[in-house]
Amino acid sequence: MRTYDPHEIETRWQAIWDEQGAYRDTEDLSKPKKYVLEMFPYPSGDMHMGHVRNYTIGDAVARYYRMRGFEVLHPMGWDAFGLPAENAAIKHHLHPAQWTYANIETQRNSFKRMGFSYDWDRTIIACDKDYYRWGQYIFLKFWEKGLVERRRSPVNWCPTCGTVLANEQVIEGRCWRCGTSVERRDLEQWYYKITEYAQELLDDLDKLPEWPTRVKQMQANWIGRSEGGEVDFTLCDEAGAPTDEVVTVFTTRPDTLFGATFFLLAPEHELVARLVKGTSYEASVDEVIDIAEHATAVERSMGDRERHGAFTGRYVVNPINGDRLPIWVSDYVMTDYGTGAVMAVPSGDQRDFEFARTYGLPISPVVLAEDDRLMGRLAGVRERIVDDVDWEHAFDAEGVLVQSGEFTGMRGGKDSEASTAILAKLAEQGRGRAVINFRLRDWLISRQRYWGNPIPAIHCEHCGIVPVPEEDLPVELPMDIDVANGETLADDPSFYNVPCPVCGRPAHRETDTMDTFTCSSWYFLRYVDPHNTRLPFDRTKVDRMLPVDHYIGGIEHAILHLLYSRFFVKAMRDCGMLDFDEPFEHLLTQGMVTLNGETMSKSKGNVVAPEQPIAQYGADTLRAFMLFLAPPEKGLDWKENDDGSNEGLGAMFRYLTRTWRLVETLHGEVDPDAPVPVEGDRDAARDELERKMHEVIGRVTDDYASMSFNTAIAATMELANTTQAYLRITTAKQRDVRLCEELASVIVRLLAPIAPHWAEELWTVELGRAGSVTTAPWPVADAERAKAAQLEMAVQVNGKVRAHIVVDAEAADGMVESMAREAVARWIEGMDVKKVVVIPGKLVSVVVR
RNA sequence: GCCCGAGUGGCGGAAUGGCAGACGCGGAGGUCUCAAAAACCUUUAUGGGAAACCAUGUGUGGGUUCGACUCCCACCUCGGGCACCA
């Protein structure tokens with residue numbers, strides 16, 4: 001008998017696996033494939049429990065499928081561009097590359113110490129030019145396809161990070177990275193036109209049945225599809241007479257068009273300045289513009305905020321009834337949604353209602369609930385009634401139209417009969433059309449930072465902005481930039497000054513780099529063919545290995561990374577680079593790891609690192625514990641005692657130690673500490689043990705397939721308990737040797753994906769099996785032998801369990817029923833038995849009255 | 001405000017509409033020991049009872065069903081996402 005010594009075992013096997021390249025994907029075409037992937041980490045240098053959990057889940061999945069005979073691709077890499085490297089560089093006077101590569105080295109060693117089964121030959125480092133050059137290549141392909149645009153528009157600016165941000169990277173008005181309130185700026189920037197895929201990104205969520213509904217819902221909300229119409233209002237001149245010019249609005253409620261009593265423009269709308277220039281209205285309008293400009297994103301995103309407005313002195317004509325509506329400017333109208341102009345219907349929209357009350361603008365009822373007393377009064381009224389409203393709120397539910405000309409009496413509301421009819425009428429006159437709008441904005445990908453992938457574009461005075469020719473890739477990020485002293489790419493003449501690739505005259509390079517999220521939007525494709533020097537990847541290889549079968553990562557990427565990656569795949573498909581629609585088949589979003597109920601963060605100084613638990617109990621114990629404590633998608637609270645220990649962890653170590661001894665005993669070794677056998681029915685225990693083994697193999701197999709690792713481990717514990725009960729009533733000579741041997745090999749294999757070092761040592765050394773447990777065949781359950789000869793069934797009387805009976809598994813229902821009646825005789829005596837339901841193998845339900 | 005998700009012992013959690021609480025932590029008692037640790041055994045939802053057993057019990061209130069943690073309706077609480085998107 002050997003003591004279970006995790007440290008000696010783990011370091012030994014890790015060295016062997018490393019040396020043998022044990023987890024290399026051999027691209028064996030004869031096997032079915034599984035691509036198991038965990039979101040690659042940012043190399044911050046330290047591993048925390050969130051990493052441990054995420055990568056342990058993925059590793060268990062990968063190891064399970066290897067044993068099931070799949071060709072498994074399970075790679076790991078580093079999302080290595082980004083701001084923390086620059087900040088660290090400034091702080092420590094290092095180059096960002098130095099800091100990054102040193103961190104990668106440390107973190108890779110930590111990962112190896114956990115025994116994760118990665119194909120390290122396929123490692124991708126996002127800041128390696130062999131990788132980022134292909135990010136530039138994809139940029140050029142997208143550009144060719146018309147999916148890249150450089151334009152001036154209002155953007156989010158993070159003053160702390162000194163760069164612009166994409167919409168998705170602003171969380172509640174704050175920078176996703178540093179938490180600073182972002183500012184609005186009007187800048188010329190580079191965009192990926194993700195909005196062209198808005199509809200497909202929304203529709204294809206239905207093709208992802210294996211994604212959590214939560215994530216799909218979040219993406220659907222983010223894309224934010226609204227069906228409605230555009231309506232053209234005619235602009236009037238200073239004298240109030242109609243001109244030829246129209247101002248278009250977007251609305252989801254065309255049915256309320258008769259209720260429009262004023263008209264709104266966003267402060268940034270191009271028309272505003274023209275309308276008020278030199279008029280007496282200019283000053284008050286400018287004030288509103290000023291307020292809008294200076295509001296921070298945090299202020300703008302607050303719920304009940306004050307709305308500011310000013311009259312422009314001008315009017316538009318409502319195309320449906322010829323009403324003249326005053327044009328106001330207000331900061332609650334957004335420039336970059338719809339057309340930046342809005343028809344205001346205070347009776348049907350709460351914001352318009354409040355604005356009307358504040359500024360004394362008229363309110364005209366158009367849609368009412370059928371029983372509203374106003375309905376009666378308004379029926380047959382010819383003159384339009386305005387302001388006869390004493391409600392507290394606008395009425396935005398479904399109802400019936402009043403005061404709406406020929407449409408009066410129709411059903412109104414979102415997507416209503418009246419909406420369709422009014423829009424049709426406008427369309428006939430060429431003054432309106434059905435339109436679908438999305439909340440999703442184009443992806444702003446340029447960043448005013450050094451440590452990122454250079455955008456391959458050149459600014460030429462004569463030719464404009466031109467792409468770097470494909471053969472000139474990569475545009476290498478120069479390494480001699482002194483970030484710590486504030487140098488930027490523009491300060492490096494050898495980078496900045498280049499001849500124009502079109503005309504050959506002096507030009508200069510684009511100095512913005514790409515958003516790091518562009519690096520993570522396609523890395524999962526590169527793993528399939530990481531050493532390709534001609535292309536980002538070989539198309540046949542990608543088409544064979546993708547989509548990723550199991551993708552595992554944090555919920556914080558529900559929108560960001562997961563939406564961008566979906567867009568990339570669709571855009572690359574349209575560029576002819578691959579042939580599928582969605583990158584990730586099955587998505588598991590693991591829950592957060594907290595410490596005593598609190599989120600871990602560096603600033604709080606409560607980040608739990610795996611080093612201490614590993615030093616105490618080894619990696620296998622930590623892995624098994626993390627998987628056992630909670631189902632993967634739920635949050636996991638790491639409870640720490642005052643001395644830093646964790647009780648559950650010790651319990652898991654005891655379990656591995658106990659099963660280690662169990663396996664050795666089953667294999668025929670004598671346990672000097674074994675208790676003296678006690679009396680018991682040995683044959684019955686043997687039969688029950690064999691049955692239990694098959695039952696547990698079946699359950700554990702199903703649990704791995706559905707990633708219920710906690711119940712998989714629990715099932716092995718049940719098997720261990722049953723085994724122990726058998727060993728307790730037998731001496732070595734009394735045992736069924738063949739069953740014991742089989743059981744030993746089964747227990748080892750069932751736990752191998754979770755505790756790989758423990759299993760490898762038992763498998764190859766203790767049990768003396770040929771070959772690694774990694775490639776050992778997964779045990780197969782014999783469903784017949786998992787069945788018991790006799791079953792215990794519950795007997796219910798009127799839904800309450802009153803007795804238990806033991807019946808033969810093969811017993812006929814009639815037989816079972818009469819046994820059941822006998823067992824509950826005292827409960828049904830003198831009663832009228834109305835019905836008896838027999839659920840074979842489960843229970844008998846007797847209904848009496 | 002809109003949209004998701006979740007409410008089960010002291011704790012983490014388990015239950016294709018079929019015996020609620022598997023498995024584990026913690027607790028209590030015990031074996032071994034001079035003693036302790038380790039290991040092993042028994043026990044552990046609540047109330048009543050010496051016990052067999054009885055009653056109650058999966059956030060609340062209804063409903064469907066022979067039977068509901070599970071399905072339906074309404075509500076409460078917590079967590080998350082979006083948020084002036086017309």
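Letters go in sequence order (proteins before strands), and every chain restarts at 1. Since we're looking at a predicted model, the values are computed, not measured.
One interatomic measurement links the two molecules: CZ of A:Phe353 to C1' of B:G1, which rounds to 16 Å at whole-angstrom precision. Straight-line distance from the CG atom of A:Leu656 to the P atom of B:A38: 18 Å, rounded to whole Å. One interatomic measurement links the two molecules: CD1 of A:Ile559 to C1' of B:C4, which rounds to 12 Å at whole-angstrom precision. A straight line from CG of A:Leu662 to C1' of B:C40 spans 13 Å, rounded to a whole angstrom. Rounded to whole angstrom, the span from the CD1 atom of A:Ile555 across to the C1' atom of B:G80 amounts to 8 Å. The nearest whole Å value for the distance from the CG atom in A:Asn221 to the C1' atom in B:G1 is 13 Å. Spacing between atom CD of A:Glu695 and atom P of B:A15 amounts to 14 Å, rounded to whole angstrom units. A straight line from CG of A:Asp336 to C1' of B:C84 spans 12 Å, rounded to a whole angstrom.
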| Once each nucleotide of nucleotides 16-31 of chain B is scored for protein heavy atoms under 4.0 Å, what B/S/- sequence comes out, 5' to 3'? | B-BB--BBSSS-----
| request: Could you run through nucleotides 5-10 of chain B and give me one letter per nucleotide, 5' to 3': B if any protein heavy atom sits under 4.0 Å from the base, S if only the sugar-phosphate is that close, - if neither? | output: S-----
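When distances run from any side-chain atom of A:Arg439 to the nucleotides B:A86, B:A14, B:C82, the shortest one goes to B:C82. Distances from the side chain of A:Lys800 to the nucleotides B:C40, B:U56, B:A86 place B:U56 closest. Of the candidate nucleotides B:A86, B:G12, B:A14, B:A14 has the atom lying nearest to any side-chain atom of A:Pro631.
Ring-centre distance between A:Phe262 and A:Phe355: below the 6.0 Å cut-off. Taking the six-membered ring for Trp and the full ring otherwise, A:Phe625 and A:Trp638 have centroids separated by under 6.0 Å.
A distance of about 11 Å separates the P atoms of B:U16 and B:C71, rounded to the whole Å. B:G21 and B:G10: their P atoms are spaced 16 Å apart (whole Å).
Inter-residue side-chain proximity for A:Val329 and A:Leu264 is flagged as unmet; no heavy-atom pair is nearer than 4.5 Å. Looking only at side-chain heavy atoms (C-beta outward), A:Val345 and A:Thr261 stay at 4.5 Å or farther from each other.
Under the Watson-Crick and G-U wobble criteria, each requiring two contacts below 3.5 Å, nucleotide B:C78 is paired to B:G5. In this entry B:A35 has no Watson-Crick or G-U wobble partner, no candidate having both defining distances under 3.5 Å. The base-pairing partner of B:A50, taking Watson-Crick or G-U wobble contacts with both distances under 3.5 Å, does not exist among the strands shown.
Using modelled atom types and a 3.5 Å distance limit, the side chains of A:Gln796 and A:Arg802 yield no donor-acceptor pair. Under 3.5 Å, the side chains of A:Arg658 and A:Asn721 contain a donor-acceptor pair of N or O atoms. The closest side-chain donor-acceptor pair between A:Asp703 and A:Thr711 falls under 3.5 angstrom.
More than 12 heavy atoms of other residues, nucleotides or ligands lie within 6.0 Å of CD in A:Gln790, so this atom counts as buried by the packing criterion.
In B:G9 the O4'-C1'-N dihedral to the base is within 90° of 0, which defines a syn nucleotide.
With hydrogens and angles ignored, the 3.5 Å screen pairs a side-chain donor or acceptor of A:Asn318 with a backbone N or O of A:Leu257.
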| request: Take A:Tyr726 and A:Glu688, measure what side-chain hydrogen bond (donor to acceptor under 3.5 Å, both in side chains) needs, and give me the verdict at the end. | output: CA-CA 9 Å; A:Tyr726 176 65; A:Glu688 170 57 14; over 6 Å; no
